[in-house]
2 protein chains.
Amino acid sequence: MANQPKSKHIPCATIQRLATYVQVLENFSRDNVEVISSNPLAEACGVNGSQVRKDLAYFGEFGIRGVGYHVKSLIAAITSSLGVDREWRMALIGVGNLGKAILNHGEFRARGFNIVAIFDCDPFKIGEIVHGLEVHCTRDLKDMVSDLNIEIGIITTPPERAQRAAQHLMDAGITSILNFAPARIKVPERINVEYVDFFHHLYALAFNHPMTR
Amino acid sequence: MANQPKSKHIPCATIQRLATYVQVLENFSRDNVEVISSNPLAEACGVNGSQVRKDLAYFGEFGIRGVGYHVKSLIAAITSSLGVDREWRMALIGVGNLGKAILNHGEFRARGFNIVAIFDCDPFKIGEIVHGLEVHCTRDLKDMVSDLNIEIGIITTPPERAQRAAQHLMDAGITSILNFAPARIKVPERINVEYVDFFHHLYALAFNHPMTR
DNA sequence: TGCTGTGAAGTGCTTCACAGCG
DNA sequence: CGCTGTGAAGCACTTCACAGCA
């Protein structure tokens with residue numbers, strides 16, 4: 001159905017939006033919408049219709065002129081283009097409150113993002129079982145990463161230990177890191193880091209709040 | 001110390017970076033760095049030096065030529081410019097796993113973002129005490145928002161109930177919403193919504209992973 | 001006819017380069 | 001002399017407008 005992907009540079013803003021499209025398309029699919037055109041999809045995502053068409057065009061021609069996009073095939077096309085239509089195995093470092101909350105979340109597994117090993121440097125936590133996984137010493141990280149084919153690392157340590165956690169992950173050959181710790185980490189160019197920080201969002205809300213202006 | 005702010009349009013990319021600057025500056029301050037110039041600060045934040053200077057210039061002249069920025073005053077200047085140097089009172093809707101994790105997080109309160117009321121539409125949860133707060137029926141939201149001076153709403157419901165939660169918040173006069181539910185919500189122009197979605201970040205990591213390219 | 005896919009135009013953010021000041 | 005603050009240049013993303021196809 002899709003042609004071969006256009007080999008241009010793809011803006012990272014496009015990648016972010018594709019994730020939104022999948023989310024919204026899944027809701028349409030749940031409501032038994034079978035076909036959708038770019039404008040209503042764009043409106044549901046809070047963007048412009050051309051934007052949607054251009055974003056999709058980076059990966060192929062998924063639509064039917066005069067009709068629109070078939071919802072289910074479009075979901076399949078996007079997830080396949082992003083590489084999220086397969087299992088991804090992840091390790092988590094820092095089994096505190098936040099780490100436990102993420103382990104309990106469950107939605108990760110449902111989407112193919114499996115946390116298969118958890119680590120902490122606190123000797124009192126090592127050996128504890130959390131959500132069916134034994135807490136390991138960070139020293140074991142390297143061996144377990146290769147044994148378990150882990151590709152993504154999640155950091156949920158306090159900020160002062162985030163850099164060391166990142167170093168452990170990189171030493172183990174991990175190149176993709178999701179960082180929940182409220183700290184920037186220093187990494188070489190080739191390592192991908194995504195930051196999740198609630199306060200960034202709260203700061204934006206506070207700044208844009210009517211009273212503040 | 002600061003001149004009056006320049007009254008230009010401020011890019012929202014700037015606001016996001018300011019949050020990062022605060023985070024990084026606080027780390028420098030913890031390490032007893034007293035003065036920093038734009039280039040090392042920029043490097044720690046992963047951006048360009050001019051960018052830092054231009055971002056700060058939107059709000060005033062905080063630096064000393066030939067010297068740099070005084071770390072503590074700069075933190076104060078930024079937090080004051082963003083309006084995050086005061087208490088913000090928040091309501092949370094959806095006391096499930098994620099909601100409870102956020103209530104337990106504690107870091108919110110430390111930064112002046114206080115969750116002062118929690119709501120759920122499940123009758124079995126109403127009356128339950130979670131982290132010192134009684135779970136209320138969403139019907140009580142309007143009264144409690146005005147009684148408790150709540151300005152920000154947090155949505156942690158399942159996706160299918162996110163829109164209704166947003167409606168409750170808007171009916172109560174809330175104009176700032178932090179949405180953790182994996183769903184887009186439809187709101188009028190004047191309402192500010194920030195989305196927190198872990199999967200958006202995981203999708204980006206998956207797409208940029210070496211094996212995928 | 002209606003909607004996609006896409007070059008061209010428009011817009012806004014980022015980087016450069018340097019004047020200006022401590 | 002060094003670093004800030006800032007106009008101007010550069011670059012990247014977004015939007016427009018329409019050709020092209022079902």
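Every chain is numbered from 1, with letters handed out A, B, ... down the list of sequences. In this text the structure is predicted, and so the values were computed from the model without any measurement. Every heavy atom of this structure was used, including side-chain atoms; hydrogens, water molecules and symmetry mates were not.
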Show, in sequence, the C-alpha distance, side-chain angles and deciding distance for A:Arg86 and A:Glu151, and conclude whether the salt bridge (charged side-chain N to carboxylate O under 4.0 Å, His left out) test is met. CA-CA 12 Å; A:Arg86 67 164 175 99; A:Glu151 294 166 303; 3.2 Å; yes
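- The side chain to side chain contact (heavy atoms under 4.5 Å, CB included) test with B:Ile152 singles out one residue from B:Glu194, B:Arg89, B:Met90, and that residue is B:Met90.
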Could you write nucleotides 10-19 of chain D as a row of B, S and -, 5' to 3', where a protein heavy atom under 4.0 Å of any base atom gives B, of only sugar-phosphate atoms gives S, and otherwise -? ---SSBBB--
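- Spacing between atom CD of B:Gln16 and atom P of C:dG12 amounts to 17 Å, rounded to whole angstrom units.
- Aromatic ring pairs are classed by plane angle as parallel below 30°, tilted from 30° to 60° and perpendicular above 60°; the pair A:Phe113 and A:Trp88 is parallel.
- Aromatic ring pairs are classed by plane angle as parallel below 30°, tilted from 30° to 60° and perpendicular above 60°; the pair B:Phe198 and A:Phe180 is perpendicular.
- Atom-to-atom, CG of A:Leu74 to P of C:dC3 comes out at 16 Å; the value is rounded to the nearest Å.
- Atom NE2 of A:His70 and atom P of C:dC3 are 17 Å apart (whole Å).
- Atom CG in A:Leu56 sits roughly 7 Å away from atom P in C:dG5 (whole-Å rounding).
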Please lay out, stage by stage, how B:Asn48 and B:Ser50 fare under the test side chain to side chain donor-acceptor pair (under 3.5 Å). CA-CA 6 Å; B:Asn48 182 294; B:Ser50 311; 3.2 Å; yes
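- Between B:Ile15 atom CD1 and C:dG12 atom C1' the separation is 15 Å, expressed in whole Å.
- A:Ser38 has no side-chain polar atom (N or O) that falls below the 4.0 Å cut-off from OP1 or OP2 of C:dC3.
- We find that CD1 of A:Ile64 is positioned 12 Å from C1' of D:dC21, with the value rounded to whole Å.
- Side-chain contact annotation: A:Gln23 with A:Asn27, donor-acceptor N/O pair under 3.5 Å absent.
- Here the C1' atom of nucleotide C:dT6 and the CD atom of A:Glu61 are 10 Å apart, to the nearest Å.
- The phosphate of C:dG2 has neither OP1 nor OP2 within less than 4.0 Å of any side-chain N or O from A:Tyr69.
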